[in-house]
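Here's the structure we're looking at; comments come further down.
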Amino acid sequence: MKLLEERIRKDGVVRPGNVLKVDSFLNHRMDVALFQEMAKEWKRLFAGKNINKILTIEASGIGIAAVAAIEFGVPVVFAKKAKSINLDNDNYTTQIVSYTHRNTYDVIVSKKYLGPEDHVLIIDDFLANGCALEGLLDIIEKAGATVEGIGIAIEKGFQKGGTVIRARGIQMESLAIIESMDPEKGIVFRD
Ligand code: 5GP
C-alpha cells in the first residue's frame with residue numbers, strides 16, 4: 001500500500017536490532033485518517049470472507065483493529081496481557097515471546113467474547129518472527145473459532161514470521177513489506 005510505504009519512509013526511524021519505530025503515526029500518536037485508509041484496503045483484500053469478529057493484541061494493535069472493525073461492521077476483541085495466568089475456566093490463555101521486549105508474557109481472552117461461532121480476522125501492527133500471531137492462532141484454536149485471515153500493517157519480510165504463518169495456508173495481507181532496513185542505508189520495500 002503506497003500511502004503506508006510513503007509514510008514509513010518519511011516518518012519511520014530504523015533502530016539497531018532490526019526495530020522500526022513508527023511512534024509518530026502508529027504506535028504512540030495515531031493517524032486515524034491513515035488507519036481508515038488501511039482498513040479500507042483490508043476490506044478490499046478480504047472481500048467475500050465471512051468475518052464476524054476482529055481479534056488483536058494489546059497494546060499497539062488496538063487502534064488499527066478498532067478502525068478496521070468500523071469498516072467491517074464487526075466487534076473487536078483484544079487479547080489482554082496478564083501478569084500471571086490463572087488457570088480459571090473463564091479465559092483462553094497462551095504464552096507469547098515478545099520481539100521488542102525480549103521476554104515471555106501471558107495473554108488471555110475471555111470465553112465470553114470468542115467461541116466456535118466466530119469467523120475471525122486477526123489484525124496486528126507488526127509481523128517479525130510470528131510469535132504474537134502464533135499466540136493469537138492458539139487462542140482461536142482453543143476457542144474452536146475459524147481464522148478467516150490476517151491483516152498486518154508492517155511485515156519485516158527479512159524475518160521468519162511471514163514464511164512460517166503463510167505455510168499454514170492462512171490468507172495473510174501485509175500492507176507494507178520491508179525487504180531490508182538499515183539506520184544508514186534506509187528502507188527497501190518488497191514490490
Ligand atoms: P513477532 O511476534 O512477529 O516476533 O513480533 C510482533 C510484535 O512485536 C508486534 O505485535 C509488535 O508489537 C512488536 N514488533 C516487532 N517488530 C517490531 C518493530 O520493528 N517495531 C515495533 N515498533 N514493534 C515491533
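Remember, it's 1-based here, ligands and their atoms both numbered in the order they're listed.
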- Message: I'd like to check the side chain to side chain contact (heavy atoms under 4.5 Å, CB included) partners of Asp31; sequence neighbours left out, ordered by chain and number.
- Response: Arg7, Phe25, Ala33, Leu34
- Write down the atom of Ile177, the atom of Arg166, and the distance for their closest heavy-atom approach. CD1-NH2, 4.2 Å
- Members other than Ile62 in its cluster, when Ile, Leu, Val, Met, Phe, Trp, Tyr link by side-chain heavy atoms under 4.5 Å? Phe78
Show me the donor-acceptor pairs, under 3.5 Å and distance only, between side chains in residues 119-130 and residues at least two apart or in other chains.
from   : atom 1 : to     : atom 2 : distance (Å)
His119 : ND1    : Glu148 : OE2    : 2.7
Asp125 : OD2    : Asn27  : ND2    : 3.0
Asp125 : OD2    : Ser60  : OG     : 2.8

- Within the protein, residues bringing a heavy atom under 4.0 Å of ligand 1, chain by chain: Asn18, Val19, Leu20, Asn27, Ser60, Tyr99, Thr100, Asp124, Asp125, Phe126, Leu127, Ala128, Asn129, Gly130, Cys131, Ala132, Lys156
- Item | N-O pairing of Asp90 and Lys111 below 4.0 Å | no
- Is a donor on one side and an acceptor on the other found under 3.5 Å between the side chain of Tyr92 and the backbone of Asp138? no
